[in-house]
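Data block below; observations after.
Just the heavy atoms: all of them, side chains too, but no hydrogens, waters or symmetry mates, feed the values below.
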Amino acid sequence: AAGLMQRSAGPMARRVACSVLSAVLLVAPVRSDLSVVGLGDWGGHNDEEPSTYSQRLTAIGLIRVAVEKQADFAMLMGDNFYLHGLTEGDMTSRFRDTFEAIYAQLLPGVPFYAFAGNHDYGEGQLANVSLQLAYSKQVDTQWRFPSLWYKIHRDFEADGKQRSLDMVVLDTIVLCGNGETNEDYIEQELRFLDGIGMQGPGSSGLSRRQAAAEVQWAWLERELMESKADYLWVAGHYPIWSAGNDGSQPCLIERLRPLLQAHGAHYISGHDHMLEHFEDGDVNTFVVGAGKECCYPPVNLGSTKKGAIRYMLAGNLGSLSMPPVPFPVQGGFASMIFGAESVAVELHAHDGTVLYAAPRIARRVQSSDGMWFGKAVATGSDDTMLASLLTPRVAAAAAVVAVAASAASVTSAIFVLRRMSRCDWQVRASAPLLLEQ
């Protein structure tokens with residue numbers, strides 16, 4: 001854990017991080033719903049700087065919130081390894097220094113579901129995205145990247161009611177490409193698909209990527225059509241709408257957005273280094289791309305649907321946010337709590353402070369003609385509003401007090417912390433904690 005804070009950050013900063021982490025991890029509250037955390041664009045700076053200061057700060061906040069909410073799993077929404085993805089030579093060290101030491105070692109037992117972003121495909125040079133899939137086969141790793149596109153399913157109980165979630169994970173780089181300059185690199189990296197029954201380039205005139213994209217679109221339509229889940233969400237790296245440097249994605253506006261509308265589904269993504277919420281009719285879309293820094297300026301606000309934006313963390317340290325942020329923000333992430341009737345989505349600053357709580361999003365219901373639909377329901381919380389006004393130090397202290405106050409009712413896990421003087425400790429749970437279903 002000591003690796004989370006550079007020596008240059010000073011001993012006081014390291015002691016604060018250690019005390020917050022240790023106090024929160026002593027206990028975990030009991031929950032009867034399903035909780036998920038996620039962030040995108042988190043993967044360090046380059047091979048020489050495999051993690052950034054803002055990334056490490058944001059990891060501390062994500063871990064604290066994940067423990068408080070007893071997260072069932074975490075999502076890593078692309079750009080997992082800056083600046084140019086992975087190659088054979090740097091695989092072991094980059095996983096160790098960018099993922100394992102920053103996230104997994106401090107959140108034992110929680111699976112991290114990953115998918116690819118444009119930088120994972122090289123972004124200007126050749127990489128090997130299949131190495132990220134191969135790492136899933138390592139013994140004892142919490143890294144989950146079973147395929148370029150896949151589905152996460154969870155059955156859970158909330159308020160005595162049986163509920164279910166389908167999280168459909170996409171490879172949006174395969175779907176939409178990454179510009180002409182990167183097309184040849186992506187084409188080469190997808191050669192491994194030819195050996196597992198995926199169509200390569202052929203007489204249809206489609207490239208390998210384009211052929212794989214059509215296979216993926218067909219798979220997505222089947223998954224959405226066949227899903228009976230109360231909550232149906234889709235995740236990918238590219239956003240549908242975004243005001244940041246990279247802007248909205250026409251490919252997804254044209255083909256993904258109508259599918260979400262037809263099946264009562266919602267979407268979460270990364271790519272632009274900011275936090276955003278758009279309400280597009282009954283479809284909610286979130287951008288959570290502030291895993292290693294904050295934030296891009298809203299230079300493409302005009303590319304978004306008029307009147308759809310509900311929240312935006314933007315500009316250096318959040319300086320161009322809407323509404324303004326209460327303190328400089330180094331990075332951010334999202335949490336999702338799926339309950340009996342609705343899901344609560346919160347966007348957090350690097351220290352875990354809730355910057356924005358979206359209106360609750362109702363579970364899907366099926367109409368008499370067999371169609372599934374869902375729409376936002378009203379919400380609002382004085383606690384959430386108060387949390388958004390706290391300074392990072394006060395918010396961290398308040399979280400410790402809240403956890404301590406709930407200790408008397410905690411029965412789910414008690415952690416043993418060791419070697420706290422250096423914040424270099426091991427965690428042991430009295431019972432299996434948050435095992436993958």
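Side chain to side chain, D120 and Q132 meet the donor-acceptor criterion of an N or O pair below 3.5 Å. In this model, a donor atom of one side chain and an acceptor atom of the other lie less than 3.5 Å apart for S227 and D166. Defined by atom type and a distance below 3.5 Å, a donor-acceptor pair is present between the side-chain atoms of Y121 and D171.
For the pair N182 (side chain) and G179 (backbone), a donor-acceptor distance under 3.5 Å is absent. Here the side chain of S164 pairs a donor or acceptor atom with the backbone of D230 at under 3.5 angstrom. R209 contributes a side-chain N or O that, together with a main-chain N or O of V174, makes up a donor-acceptor pair within less than 3.5 Å. Here the side chain of Q210 pairs a donor or acceptor atom with the backbone of S207 at under 3.5 angstrom. A side-chain donor-acceptor contact under 3.5 Å links R364 to the backbone of H263. In terms of modelled atom types and a separation under 3.5 Å, the side chain of T52 and the main chain of Q55 share a donor-acceptor contact. Without hydrogens or angle criteria, S321 side chain to A314 main chain gives a donor-acceptor distance under 3.5 Å. In this structure, the side chain of S242 does not engage the main chain of P239 through any donor-acceptor pair within 3.5 Å. No donor-acceptor distance shorter than 3.5 angstrom exists from the side chain of R144 to the backbone of P111, with no hydrogens or angles considered. Distance alone, capped at 3.5 Å, is enough to place a donor-acceptor pair between the H84 side chain and the E123 backbone.
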> Could you go step by step and tell me if L133 and F192 meet the side-chain contact (heavy atoms from CB on, under 4.5 Å) rule?
Replying inline: CA-CA 11 Å; L133 280 68; F192 77 97; 4.2 Å; yes
>> Test side-chain contact (heavy atoms from CB on, under 4.5 Å) on R310 and Y356; report intermediate values, then the result.
In response: CA-CA 10 Å; R310 296 292 176 265; Y356 171 73; 3.5 Å; yes
>> Show, in sequence, the C-alpha distance, side-chain angles and deciding distance for I63 and L107, and conclude whether the side-chain contact (heavy atoms from CB on, under 4.5 Å) test is met.
In response: CA-CA 6 Å; I63 290 162; L107 203 55; 4.1 Å; yes
> Where do T141 and E100 land on the side-chain hydrogen bond (donor to acceptor under 3.5 Å, both in side chains) test, with the steps shown first?
Replying inline: CA-CA 8 Å; T141 184; E100 299 285 356; 3.2 Å; yes
> R255 and E214: salt bridge (charged side-chain N to carboxylate O under 4.0 Å, His left out), yes or no, with the steps?
Replying inline: CA-CA 11 Å; R255 297 192 66 170; E214 293 308 314; 3.0 Å; yes
>> As a quick check of understanding, evaluate side-chain contact (heavy atoms from CB on, under 4.5 Å) for N284 and F278, giving each step before the final call.
In response: CA-CA 6 Å; N284 289 269; F278 296 88; over 6 Å; no
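Put simply, OG1 on T172 and CG on L148 are 11.0 Å apart, with the number rounded to the nearest 0.5 Å. For the atom pair L83 CG and H45 NE2, the distance stands at 6.5 Å (nearest 0.5 Å). Remark: L347 CG to M336 CE distance equals 10.0 Å, nearest 0.5 Å. Taking OG of S51 as the reference point, atom CZ of R94 lies at 9.0 Å (rounded to 0.5 Å). In this structure, C176 SG and Q249 CD are separated by 4.5 Å, a value rounded to the nearest 0.5 Å. Here the CH2 atom belonging to W42 is positioned 6.5 Å from the OG1 atom belonging to T98, to the nearest 0.5 angstrom.
Aromatic ring pairs are classed by plane angle as parallel below 30°, tilted from 30° to 60° and perpendicular above 60°; the pair H266 and W233 is tilted. Ring planes of H119 and Y82: tilted class, angle from 30 to 60°. Ring-plane geometry between H350 and F327 is classed as perpendicular, the angle between the planes exceeding 60 degrees on a 0 to 90 degree scale with a lower cut at 30.
The ring-ring contact (aromatic ring centres under 6.0 Å, His included) test applied to Y231 returns F338, not counting sequence neighbours. Annotation: side chain to side chain contact (heavy atoms under 4.5 Å, CB included) contacts of K161 (sequence neighbours excluded): R163, A340, E341. Shown here are the ring-ring contact (aromatic ring centres under 6.0 Å, His included) partners of H237, two or more places apart in sequence or in another chain: H271. For F112, the ring-ring contact (aromatic ring centres under 6.0 Å, His included) test picks out F99, with sequence neighbours left out. Judged as a ring-ring contact (aromatic ring centres under 6.0 Å, His included), and not counting sequence neighbours, Y185 has no contacts.
Side-chain contact check for V343 versus R360: every heavy-atom pair is 4.5 Å or farther apart. Side-chain atoms of N300 and D246, non-hydrogen and from C-beta on, never get closer than 4.5 Å to each other. With a 4.5 Å cut-off on side-chain heavy atoms, T285 and I268 do not count as touching. Between H153 and L165 there is no side-chain heavy-atom pair separated by less than 4.5 Å. The side-chain heavy atoms of N118 and D79, taken from C-beta on, include a pair separated by under 4.5 Å. Inter-residue side-chain proximity for I102 and R56 is flagged as met; some heavy-atom pair is nearer than 4.5 Å. Proximity of P323 to Y311: side-chain heavy atoms (C-beta onward) are separated by under 4.5 Å at one or more points. The side-chain heavy atoms of L252 and Y267, taken from C-beta on, include a pair separated by under 4.5 Å.
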Solution key, residues 286-295 side-chain donor-acceptor pairs under 3.5 Å, sequence neighbours excluded:
from	atom 1	to	atom 2	distance (Å)
E293	OE2	H273	ND1	2.6

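Partner of I309 under the side-chain contact (heavy atoms from CB on, under 4.5 Å) criterion, chosen from H277, E279, M322: M322.
Shown here for K305 and D280, the closest heavy-atom pair between the two residues is NZ-OD1, 2.6 Å. Residue A74 comes nearest to V110 through the heavy atom pair N-CG1, 4.1 Å, listed as atom of the first residue, atom of the second, then distance. M312 approaches L320 most closely through the heavy-atom pair CE-O, 3.8 Å. Heavy atoms only, all atoms of each residue included: A243 and T304 are closest at N-CG2, 3.8 Å. Of all heavy-atom pairs spanning A59 and Y103, the tightest one is CB-CE2, 3.6 Å. P326 and L355 make their closest contact through CD-CD2, 4.1 Å (heavy atoms, listed as atom of the first residue, atom of the second, distance).
Atom CD of E254 has 12 or fewer neighbouring heavy atoms from other residues, nucleotides or ligands inside a 6.0 Å radius.
Ring centroids of W149 and F115 are separated by 6.0 Å or more, keeping the two rings apart.
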